[in-house]
2 protein chains.
Amino acid sequence: MDRRRTEKNDETSAQGRPTLKTLAFMTGLGVTTVSRALKDAPEIGAETRRRVQLVAKQIGYRPNRAGVRLRTGKTNVISLVLNTEHELMSFVSDIIYGVTSVIADTPYHLIVTPYSRSQDPMDPVRYLVETGSADGIIISRTQPDDARARYLLERGIPFATHGRTDMGLVHPYHDFDNYAFANEAVRYLAGMGRQRFALLAPPVGLTYHGHTVNGFADALSEVGVSEVPFNTVTIDQSIEQIRTRTAQLMRRNDRPDGIVSSAAASTLAIVAGIEDAGLELGRDVDVVSKQSSEFLHLFRRELFVVNESFRLAGSELARAVLGWIGGAEPGSLQSLSKPGEVQVYRR
Amino acid sequence: MDRRRTEKNDETSAQGRPTLKTLAFMTGLGVTTVSRALKDAPEIGAETRRRVQLVAKQIGYRPNRAGVRLRTGKTNVISLVLNTEHELMSFVSDIIYGVTSVIADTPYHLIVTPYSRSQDPMDPVRYLVETGSADGIIISRTQPDDARARYLLERGIPFATHGRTDMGLVHPYHDFDNYAFANEAVRYLAGMGRQRFALLAPPVGLTYHGHTVNGFADALSEVGVSEVPFNTVTIDQSIEQIRTRTAQLMRRNDRPDGIVSSAAASTLAIVAGIEDAGLELGRDVDVVSKQSSEFLHLFRRELFVVNESFRLAGSELARAVLGWIGGAEPGSLQSLSKPGEVQVYRR
DNA sequence: ATGGCAATCTGTAACGTTTCAGGTTATTGA
DNA sequence: TCAATAACCTGAAACGTTACAGATTGCCAT
């Protein structure tokens with residue numbers, strides 16, 4: 001159906017929402033002038049500018065996104081690309097809140113672009129670029145050699161990664177210092193007299209797996225304690241797999257007496273596994289875990305935790321992308337969040 | 001900057017992504033014909049239709065969203081309106097996954113429109129409608145007399161609510177049967193011999209608060225047991241508030257020996273409160289809790305749980321909105337999810 | 001042959017915006 | 001006084017799409 005107004009050449013514009021044409025008619029100016037007045041162009045007289053802006057405010061003019069997008073290619077959209085299967089629950093909500101809090105007083109909208117386990121992580125990114133659906137992109141599950149980052153860098157599309165890459169290319173990112181986390185966790189436990197350490201690491205392939213493993217290994221050798229490997233189990237595995245594997249581990253003679261866990265949900269499974277093996281948290285073994293929201297202390301108050309804020313990650317990432325879109329140097333839009341103190345709840 | 005191609009009247013179109021004009025040139029047809037051929041209009045010859053579609057597929061033609069939107073007003077966008085402060089963590093991620101899984105093989109994009117505690121919940125909805133930013137809207141935290149639903153109904157904007165309203169107006173919704181949940185929870189606990197019940201309810205004002213309270217109260221009188229009121233504390237309160245209040249409650253002489261909790265996160269606090277009071281879960285008191293992901297059994301295996309799937313809610317809501325947009329009767333797009341059996345983990 | 005009709009196809013205009021290439025005044029300098 | 005100039009303003013075109021209102025062609029009944 002054709003939405004054209006009944007009057008062919010209407011200047012009445014009583015109906016529908018106001019456009020530049022409406023403003024032009026109301027102010028008696030040309031559409032061009034109105035357009036420029038609204039964006040503070042210098043060749044518009046100061047009074048005209050004020051007048052136009054006043055009227056625009058009064059009648060609640062909002063630029064039509066489709067018009068702008070068609071004409072300029074600017075979408076005013078930031079896309080958050082998420083893995084539907086793997087992302088941690090709190091990750092998604094917190095990061096969205098972080099992003100939206102930054103985006104709130106800008107014309108940007110946030111669209112969520114999902115991809116599933118089976119898909120190539122490049123698919124959603126390629127889709128966004130090929131269809132020109134976003135001005136900026138936020139990606140997570142970053143890899144050391146990340147095809148998506150390379151691709152986006154090649155086409156000059158502003159983006160930010162949650163986690164760093166390691167390809168010698170510079171781009172905005174936000175990351176949590178997982179090296180420091182794992183390192184300090186080991187030192188903390190060693191300081192309590194713990195000797196044999198296990199690490200439940202992030203999935204192999206993601207950059208922060210390396211960071212975590214390195215921080216862990218370096219601390220082990222620095223304080224002179226040994227490792228009991230978790231083998232192939234990572235925080236990406238199911239609760240049941242982690243629980244079973246932990247129980248196995250805890251039944252060995254050389255079982256760990258200190259465990260470092262990279263995710264709060266996995267820590268629940270670890271503790272369950274410990275107790276399945278008939279051992280007691282805080283007596284037979286201590287656990288330091290990352291968490292992104294304050295709830296582990298309710299679970300077992302013997303747990304030691306380090307907080308990682310995904311809300312902060314979301315806002316930093318949004319700031320980074322907007323910064324890049326706004327012309328800032330990509331290299332200046334990188335941030336690394338340091339872990340706080342290990343927190344104790346036991347009393 | 002003007003993005004116009006270098007050749008004023010180019011039919012070469014080697015650069016940029018293909019448009020209808022490109023297709024028209026390649027097939028030797030008019031732009032109109034191509035447009036109609038792609039949407040299977042009947043007045044286009046069968047062979048022409050196939051030819052155009054073949055070429056379109058070959059060169060990877062994708063309609064320009066801005067063009068379509070400007071011309072037709074169709075945005076191909078569904079907006080999920082979220083309260084930034086209150087929504088439960090798992091709620092957000094699961095519902096997004098549910099929505100995106102349905103939307104995945106449609107041209108729709110999902111945009112997340114946030115609003116904060118301080119804002120009128122109408123604000124984001126009004127914004128979406130006034131700027132014509134979405135073809136369909138999903139809202140949560142539904143109230144019995146919901147201004148947003150009324151508003152959207154008035155302007156004929158397709159939407160679906162998570163939770164029902166109670167205004168005598170018909171619109172799509174998805175809801176979990178919280179009446180049944182609370183009712184069955186009480187019956188279950190009463191069946192174990194529990195006598196004095198407390199309910200940690202959803203926030204007053206939301207429709208499902210009423211459902212939950214009614215299901216709870218009806219069961220109490222049906223099985224002839226009494227209530228120990230939680231008073232003004234609801235699942236919207238902070239962990240600490242719930243914990244403190246629970247501890248207070250548990251120190252009373254007529255303390256509850258059966259508690260029904262409407263949210264998993266709150267249940268953590270309830271258990272902490274119970275233990276703060278020196279009591280033991282499973283011995284002095286039993287708790288039935290809703291949860292949206294399987295983790296409470298790891299927390300305390302004495303907990304009884306009933307699962308509510310927000311992923312299902314997300315997909316049902318998306319289906320409902322798309323159905324309405326597609327012309328289905330709003331009344332036919334309502335679904336109510338029944339709680340499953342109370343789950344036991346204790347062994 | 002001719003008028004009518006069905007089957008296909010097409011050009012134009014319009015959605016709301018921005019850019020380009022001027023146009024109109026008033027003012028300045030000589 | 002007159003040309004040059006600055007300061008402001010403007011119409012037209014274009015982004016990619018779809019609806020409208022025809023064109024064109026071939027075929028059939030008369």
Side-chain angles (χ1 to χ4, degrees), chain A residues 1-11 13 15-25 27-52 56 61-76 107 131-133, chain B residues 1-11 13 15-25 27-52 56 61-76 107 131-133:
Chain A
M1 160 194 18
D2 192 341
R3 294 175 311 115
R4 86 176 62 173
R5 304 220 180 83
T6 40
E7 300 298 334
K8 168 124 181 183
N9 209 341
D10 80 313
E11 299 292 14
S13 353
Q15 66 264 50
R17 74 185 176 112
T19 69
L20 290 182
K21 204 150 118 198
T22 319
L23 285 179
F25 176 68
T27 54
L29 295 164
V31 170
T32 303
T33 308
V34 172
S35 172
R36 299 168 95 130
L38 288 176
K39 40 178 57 67
D40 284 320
E43 61 270 67
I44 303 297
E47 196 206 308
T48 305
R49 206 153 54 204
R50 264 184 288 111
R51 197 156 62 88
V52 170
Y61 167 77
R62 313 259 209 158
N64 179 303
R65 310 191 119 232
V68 174
R69 180 165 172 177
L70 183 57
R71 177 63 235 248
T72 66
K74 177 129 218 258
T75 62
N76 283 304
T131 61
S133 289
Chain B
M1 157 197 18
D2 193 338
R3 293 176 311 114
R4 84 175 61 176
R5 304 220 180 81
T6 40
E7 301 296 336
K8 167 126 181 182
N9 209 341
D10 80 311
E11 299 292 15
S13 354
Q15 68 264 51
R17 74 186 177 113
T19 70
L20 289 181
K21 202 150 120 199
T22 318
L23 284 178
F25 176 69
T27 55
L29 296 164
V31 170
T32 302
T33 309
V34 172
S35 172
R36 300 168 93 126
L38 288 176
K39 40 178 57 68
D40 282 321
E43 60 270 65
I44 303 296
E47 195 206 310
T48 305
R49 208 152 52 204
R50 263 183 289 110
R51 198 158 60 87
V52 170
Y61 167 77
R62 314 258 208 160
N64 178 303
R65 309 190 122 233
V68 175
R69 181 165 171 177
L70 182 57
R71 176 65 236 241
T72 66
K74 177 131 217 263
T75 62
N76 283 304
T131 61
S133 289

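Just so we're on the same page: letters track the sequence lines, and every chain starts at 1.
Between C:dT18 and A:Lys39, a contact under 4.0 Å exists linking OP1 or OP2 to a side-chain N or O. Contact annotation: A:Thr48 side-chain N/O to D:dC8 OP1/OP2 distance is not under 4.0 Å. Taking side-chain N and O atoms only, B:Ser35 has a distance below 4.0 Å to OP1 or OP2 of D:dT18. Taking only side-chain nitrogens and oxygens, A:Thr72 never comes nearer than 4.0 Å to OP1 or OP2 of C:dT18.
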- Task: Might you work through the side chain to side chain contact (heavy atoms under 4.5 Å, CB included) test for B:Thr27 and B:Val34, ending with a clear yes or no?
- Result: CA-CA 8 Å; B:Thr27 55; B:Val34 172; 4.0 Å; yes
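Here the CG-CG distance, from A:Leu20 to A:Leu38, works out to 6.5 Å after rounding to the nearest 0.5 Å.
A:Arg36 has its CZ atom 15 Å from the P atom of D:dA7, to the nearest Å. Residue B:Leu38 contributes atom CG, which lies 13 Å from atom P of C:dC9 at whole-angstrom precision. Rounded to whole angstrom, the span from the CG atom of B:Leu70 across to the C1' atom of C:dG16 amounts to 5 Å. Following rounding to the nearest Å, A:Leu23 (CG) and D:dT10 (C1') show an atom-to-atom distance of 16 Å.
Between B:Gly67 and B:Gly28, it is B:Gly28 whose nearest contact on DNA chain C lies nearer the 5' terminus.
For A:Pro63, the side-chain atoms get nearest to C:dT17 when compared with the rest of C:dT17, C:dC20, C:dC15.
Distance alone, capped at 3.5 Å, places no donor-acceptor pair between the B:Arg17 side chain and the B:Tyr61 backbone. A donor-acceptor pair under 3.5 Å links the side-chain atoms of B:Arg65 to the main chain of B:Pro107, judged by distance alone.
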